[in-house]
Amino acid sequence: MDCIFCKIISGEIPAEIIHRDDEIVAFRDINPEAPVHLLIVPVKHIETITDIDTEDQNLVGRMVFVAKQLCEQEGISESGFRMVLNCREHGGQEVYHLHIHVLGGRAMRWPPG
Ligand code: 5GP
Ligand code: ZN
């Protein structure tokens, strides 16, 4: 499949992988927008959050839990962070393989652009 995140999961494209289990992989964003910028992705190729099925609910919950654990590992739990999930055109999604961004290590602004 011609999907950059599937290729990172399979090892075809290198990335700094910081978590891997049967269902979820996490790695550092290639173009970080903050001192800590992680991407948490399901191994299963799901294009967007609008494409999840009933049986994917636990998977998405696990993605958030892994993100929370990685925040502890990265030392940004106390200072805080932002989790972002962009969906389709208006959400600014560029890679159509479901992912949660974790951004931290600096104060974020609100509202987003
Ligand atoms: P989106 O806009 O789809 O929510 O975010 C996609 C993210 O994937 C962007 O922040 C972008 O920098 C990151 N990204 C795109 N290609 C690669 C890649 O080949 N490797 C890594 N590590 N990150 C990537
Ligand atoms: Zn994919």
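Whatever order the structure lists them in is the order used to number ligands and atoms, beginning at 1.
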Q.
Just verifying a value: how many Å separate Asp51 CG and His45 NE2, rounded to the nearest 0.5 Å?
A. 8.5 Å
Q) Given side chains that start at C-beta, do those of Ile9 and His97 come closer than 4.5 Å, heavy atoms only? A) yes
Q) Considering only N, O or S atoms, which atom of His97 is nearest to the Zn ion (ligand 2)? A) ND1
Q. Does an N or O anywhere in Ile8 fall below 3.5 Å from an N or O of ligand 1?
A. no
Q. Is it true that Glu33 and Arg106 make a salt bridge, defined as a side-chain N closer than 4.0 Å to a carboxylate O?
A. no
Q: Could you check atom 15 (C) of ligand 1 against the protein and tell me its nearest heavy-atom contact, residue, atom and distance included?
A: Val95 CG2, 4.1 Å
**Q.** Whether Glu16 lies under 4.0 Å from ligand 1, heavy atom
**A.** no
Q.
Can you check the angle at the Zn ion (ligand 2) formed by SG of Cys3 and ND1 of His45? Round it to the nearest 10°.
A. 110°
Q) ligand 1 versus His101, non-hydrogen atoms closer than 4.0 Å: side chain, backbone, both, neither? A) side chain
(Q) Could you identify the single nearest non-hydrogen protein atom to atom 22 (N) of ligand 1 and state the distance to 0.1 Å? (A) Arg28 O, 2.9 Å
Q.
Please find the pair of heavy atoms, one from Ser77 and one from Cys71, that lie closest to each other, and give the distance.
A. OG-C, 3.3 Å
Q: Check if Leu85 has a non-hydrogen atom at a distance under 4.0 Å from any atom of ligand 1.
A: no
Q: Measure from the side-chain N and O atoms of Asp21 to the backbone N and O of Ile24, and report whether any donor-acceptor pair falls under 3.5 Å.
A: yes
Q.
Quick test: of every protein heavy atom, which one is nearest to atom 1 (P) of ligand 1, and how far off is it to 0.1 Å?
A. His99 NE2, 3.1 Å
Q.
Show me which atoms of ligand 1 lie under 4.0 Å from any heavy atom of Asn31.
A. 12 (O)
Q) Do Phe5 and Phe27 have ring centres separated by under 6.0 Å? A) yes
Q. Does Glu23 come within less than 4.0 Å of Lys44, counting only side-chain N to carboxylate O?
A. no
Q: May I ask you to identify, for Leu39, whether its side chain, its backbone, both or neither come under 4.0 Å of ligand 1 on a heavy-atom basis?
A: side chain
**Q.** Stepwise side chain to side chain contact (heavy atoms under 4.5 Å, CB included) test for Leu103 and Leu38
**A.** CA-CA 7 Å; Leu103 297 142; Leu38 315 176; over 6 Å; no
(Q) For the 3.5 Å polar cut-off, considering only N or O atoms, please tell me whether Glu94 and ligand 1 meet it. (A) yes
**Q.** Closest protein heavy atom (residue, atom, distance) for atom 8 (O) of ligand 1
**A.** Phe5 CZ, 3.5 Å
Q. Does an N or O from Asn86, backbone or side chain, lie closer than 3.5 Å to an N or O of ligand 1?
A. yes
(Q) So if I count the atoms of ligand 1 from 1 in the order they appear, which ones are less than 4.0 Å from some heavy atom of Phe27? (A) 22 (N)
Q: Check whether any side-chain N or O of Glu74 sits under 3.5 Å from a backbone N or O of Ile76 as a donor-acceptor pair, and report yes or no.
A: no
Q. If you count the atoms of ligand 1 from 1 in the order shown, which ones are under 4.0 Å from a heavy atom of Ile4?
A. 19 (O)
(Q) Aromatic contact between His99 and His101, with the criterion being ring centroids under 6.0 Å apart: yes or no? (A) yes
Q) atom 9 (C) of ligand 1: which protein heavy atom is closest, and how many Å away? A) Asp29 OD2, 3.3 Å
Q | Full working for salt bridge (Lys or Arg N to Asp or Glu O under 4.0 Å) between Arg88 and Glu47 | A | CA-CA 9 Å; Arg88 299 185 189 267; Glu47 290 203 343; 5.6 Å; no
Q: Flag the pair Asp22 and Arg62 as a salt bridge only when some basic side-chain nitrogen lies within less than 4.0 angstrom of an acidic carboxylate oxygen.
A: no
Q) What part of Tyr96, side chain, backbone, both or neither, has a heavy atom within less than 4.0 angstrom of ligand 1? A) neither
Q.
Tell me the contacting part of Ile30 for ligand 1: side chain, backbone, both, or neither, using a 4.0 Å heavy-atom threshold, strictly below.
A. both
Q: Using distance alone, determine whether Gly92 and ligand 1 share an N or O pair under 3.5 Å.
A: yes
